[in-house]
Amino acid sequence: MSVFSVEILLIVLGLALLSAEALVPSISRRTLSSISLGGVALAFVLFLFASKSATDLPAFVEPYHQLDTLAVFYKGFALIITLLVLWLTVESAPYLAKFVPGGNFSELFSLPILVCVGMMWMASAKDLITVFVSLELVTVSFYVLVAFARKSNLAIEAGVKYLILGALSTGILVYGIAWVYGTTGALSFEGISAALAQPTAPKNAILLGAAFLLAGLGFKVAAAPFQMWVPDVYQGAPIPVTTFLSVGSKAAGFVVLTRTVMAFTAQGSLIAGEIQSLLIVGGALTVLLGSLPAIFQTSVKRLLAYSSISHAGYLLLALGCSGTSRFDLGSGGVVAFYLATYLPMTVLGFLVLAVLRVNGGGEDIKDFKCLAKRSPLLALAMTLALASLAGLPLTAGFMGKLFVFLGLVDHAYWGALVCAVIGAAAGFYYYFRTILAMYSNDAQNTEPLRLNLGSKIIAIVLSVVIVVLGVYPKPLQQLLNQTQTVSAH
Amino acid sequence: MSILEIVILLPLFAALAIWLGAPARATSVGSALINLLILLGLIFQFKSASSGKSGFAYESARVVLENPAISFGVAADGVALILALLTCLVLFAAVWQIATDKPSIYHIASLLIAGGALGAFLSTDVFFIYAFHELALIPTFLMIGLYGHGEDSHRKAVAWKTTVYLGVGSLILLAGLAWVVLEYSGGGKLTFDLNALRAQAASSPLPVEKQASIFFVLLLGFGTLVSLFPLHSWAAPAYATAPTPVAMLHAGVLKKFGLYGLIRIALPLLPEGAQVEWVQQALLFMLLGNILIMGFVTIAQRSLDQVLGNSSVMHMGYIFLGIAAANEIALQGAVILMFAHGVSIALLFALAGRLRNQLGTLELSKLGGLASHAPVFAVLFAFGAFASIGLPGLANFAGELLVFLGAFGSDGSPTMGRIQWTVIFALWGVVMSAVYMLRAYRSIFQGTANSGLFMNDPSFSQRVPLFLLAAALLIVGCCPWLLLDLLKSLSVVKVAAM
C-alpha cells in the first residue's frame, strides 16, 4: 500500500461520514466519532508503514505530486493534528451541543478528514494548480467548521469574517498565480525557478505576481498585515476548530510558502533578495503585531490567537533566513522544526481550555485561577505549554526560537532580531500572567476538574514531547536533515 | 549515568515526585542530604580524580544535537565543586527550615531552584549552562507573587519587577552568548561546547576591540542577574518579599550564577577584552557603586529584611572586584567569597524568617532585648552578621582579604593605578558593613524588649540547619586552605591571568 492510496482511503472515509447522517438518520454521535477517530488512526498506522517502504507514485499523479521527505513529514504532521483535533471534538462535544441545532455533529467528524487530505496533498504539490485545489479543499471545509456553533453570535460573526476574508484572499492568490504564470510561463515550482534564473525575465512583473501570491498565502498563515481576522475568528470558532486553524491550517500554509519561497529564491534567482527582505520585514512586523496586543488580552482563547500570530512571525523570519546557513537545517527545515515544536504546546493549551469549558468554566484568565488545586496534572502540563510558548529553555519552544535567532544573527538582520527579542520579552509577560493565575488561591470555584483517561494520556504525552524536544532534539533534526538533502536535488 | 548527572537530576526528580504526591518534607530533605553527602565525597576524591586532566574531573557528555553541536556535558573543577557544595548546603538548610504547615510548593520551588543552579554550575555546554539557570525563573516568580510577604498588590508588583529584570537580563545574556558562539565556532560549524570554544579562543583569539564589546554585553547580562549597580534595583525588594527558602536560595546560591558565568565563560574566552581600558573603567565604577552607594543605602534602612537584601547587593561589589582584577589570587578570593557570602546570607535570611514568623515584624525600632530570651538565636545571628562584616576567623574574611590583596597587586606595578584606588575606596565598604550590621544586632538583641515582642530559642531540630551553616562559616574561616586546595590547578585562572 502506498502513501497515495492512504490519501484515497481517507477521502473515501470523509465522504462516507459526510453522507452518513443523511443515509442513516439514527446513527449516534458515538458511532460517528469512533469511526472517524478509528479511521484516521488506522490511516496513520498505514501511513507509517507506507512512508517507510512504498514511496512510488501511480503514473497518473506523477506530474503533480512528489514524495520527498519534506512532504512525508508534513503528511505525518497533518495526520497527527487531525487525530488530536478529532479527540478534542469528542472531548468538547458536551459543551458544543448547546450551540448546535439538533445536536448534529456529523460535519464536525467528517470535514476535518477532508481538511487532512487537503493538507496531505498540499505537502506533495509540485505546481501551483495542485496547491490551489488542495488549499481550497482545506479552506472551504474550514468555512463550515468555523461557523459550526450556529447558535452562538460569536460563531456567526467568526464564520462571516472568515468567509469574506478567505474568499478575498483566494482571489488575490489566484491573481498572483495568474501573473506568475503569465510572466514565467510555468506553473510548476521547477519551471518557475528555471524561468527566474534567466537574466532576461521581466523582473518587475514577476515581483508583482510573487507579491500577490505571498499576500494570498499570508492571509492563510495570519501574517501581518493580513492578520486582523485571526483573534475574532479564533474566538468564535469551536475550540477543536480553533486548534485546527491554529496548527493545521498554519502548517499547510507554511509548507506551501516553503515550496514557493524555495522556488523564488533558488540558485541564481532574479528576485531572491527582494523576496527575502519581504519575508524578514513581514515577519518582524507580524511578531510585533502578534505579541504587543496580546499583552492586553483577558481571554485566554484570544491570547492564544495573538500568540499564534506572533509564532507565524517567527516562522516567516525563519523562512527569510534562506541561503547560506551555518547549521544543518536549512530554512525549510527550521520552519518544519518550529512547527513540530509548536504543535504540542498549542494543542495542550487548547486541550486545557476545552476541559475547563466542559467543566462549566469560561475562557478568561480568571477562569484559570486555582487550576493547580483543581487539577495538578493539567496545571503542570499547561505550565510546560506556556513556558514553551514563551520560549523558556529546556522546552521545545526554546529550541525553535534558538534556530530562528541564530539564523537572524548569522544573516545580520539586526532590526528583525530586535523585533524578535521584543516579542519574546512581551511573551514573558502575557504567558506568565496566565501561569500566575493558575497557581493563585483566591478563586470561588475550587472543585476538582473532571478529566477522562484519554485527555489525561494526551496531556501527559504532549508534556513529555515538549520536554524531550527541548532537551533532546537530535532525532527530529535528523529526520528533517534528510529533508534538506533530498529536496536539494 | 555519571555521578554529576545524578547530582543535577536528583532535586528535579524529587520535585516531580512531590508534585505527584510523595511526602514533601521527607523527600526534599532526604534528596538534599543525599546530594550533600555525594558532593562531600566528590570533593574528597577530587584530587585523585582530576590529576593530569587540566583541572576537570567526573566528565561525561551526551550529544543532544549534531550541528549546532550541543551536548549535555558535565564536569567539575574546583570552582564548580565549591559552588555545587554551596548549593547543596543551602538547599539542605532551606528545605529543613520550611515549617510543616506550608504547602508542598515551597519544597518544589526550592528543589527546582537548586536543581537549576546545580545544572548551571556543573554543565560544560553554554546551552545548558544558560538553560538550567532559567529553570528558576518560574518558581521564583510564583513564590514571590503568591506566597511573598506583604500586601497582595505589593508582592505581585515585586514579582513582576523581578521577572522583568531577570527575563530581560537573560535575553541580553543570550544575545551575548550567541555572539560568542557565532564568533568562536570554527570550521563553519556552530558549537556550544565550552571546551571547544576555549580551544578556539586560545588558538585564534578575536581582535581586542571585538572582545571588549562582547565582554561588555556579557557583563550587562550576567551583571543584571547578580544585581550589578545600576542594574540592581530588583534584588533588595525581591529578597525582602520572597518567602524564606526562596530568599535563602536566590540570594545565597542563584545570584552567584552571574559571577560564575563571568569566571567560567567570559574571562577565559575574552581575556584581553576584560582588560581593555573602557571596560575596566566601567566595571570599576559599577562595582564601586555597589559597594559605596549601596553601602549608604543599606545604612539608611530601618527594617531587617531591607538591610539584608541591600547588604547582599552591596557585597557583590567585592566579588566583582576580584573578577576585575582577574589574577589568580583575586579570583581565588572571589570564589571563596562567593561561597562565604552564600552561606552567611542564607543563615541571616533563615534567622530573619524565623524572627518574622514569631514576632510579625522586622522593624528595627520595634525590636530589642531578644538576646536574654533567645541566647542561641542571638549567637547564631552574631555568626552571620560578623561573617558578613568580615571578621577574621569566619569565611568571608579569607575571601575579602584575598580579593583585596590580589586586586592591589594585580598589575604588578609599584605605582597607584585605577584598581589600587578602587581597592582603597572599597575598603571603606567594610566599615559600612560594620555600621549597619552591628547596629542591626544591637537594636534586635540588646537593650530592653518592647511591648511584649518576645521569642523563644529554636528547638533542637530547628537548630540543625542553622548550626550547619554557622559551622561551615567557621570551618572555612579557620581553614580556608580546605577550599583553596581545590582552586590550585584552576584552568580558568591560568587562562585569565595570561
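On a predicted model such as this, the values are computed, not experimentally measured, just so you know. In the text below, chain A, chain B and the rest are named by the order of the sequence lines, each starting its count at 1.
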So which part of B/V63 gets closer than 4.5 Å to some heavy atom of chain A, the side chain, the backbone, both or neither? both
Selection residues 449-472 of chain A - residue pairs positive for side-chain hydrogen bond (donor to acceptor under 3.5 Å, both in side chains), sequence neighbours left out: A/W87-A/S455, A/E91-A/N452, A/E91-A/S455, A/N452-A/S455
Quick check on A/F398 against chain B: is it the side chain, the backbone, both or neither that has a heavy atom closer than 4.5 Å? side chain
Which of parallel (below 30°), tilted (30 to 60°) and perpendicular (above 60°) describes A/H411 and A/Y413? parallel
Where on B/S170 is there a heavy atom nearer than 4.5 Å to chain A: the side chain, the backbone, both, or neither? neither
Heavy-atom distances under 4.5 Å only: say whether B/I105 touches chain A with side chain, backbone, both or neither. side chain
Salt-bridge test for A/E447 and A/R374: reply yes if a basic N is under 4.0 Å from a carboxylate O, no otherwise. no
Ring centroid separation A/F403 to A/F337 under 6.0 Å: yes
Taking the six-membered ring for Trp, are B/H133 and B/F257 parallel (under 30°), tilted (30 to 60°) or perpendicular (over 60°)? parallel
Please classify the contact between A/L436 and chain B as side chain, backbone, both or neither, with a heavy-atom cut-off of under 4.5 Å. both
Applying salt bridge (Lys or Arg N to Asp or Glu O under 4.0 Å), run through B/K156 and B/E151 and close with a yes or a no. CA-CA 9 Å; B/K156 291 248 162 76; B/E151 298 281 311; over 6 Å; no
Under 4.5 Å from any heavy atom of chain B, what part of A/L476 do you find: side chain, backbone, both or neither? neither
Against chain A, work out which of B/W179, B/Y130, B/F128, B/F127 has the most heavy-atom pairs shorter than 4.5 Å and name it. B/F127
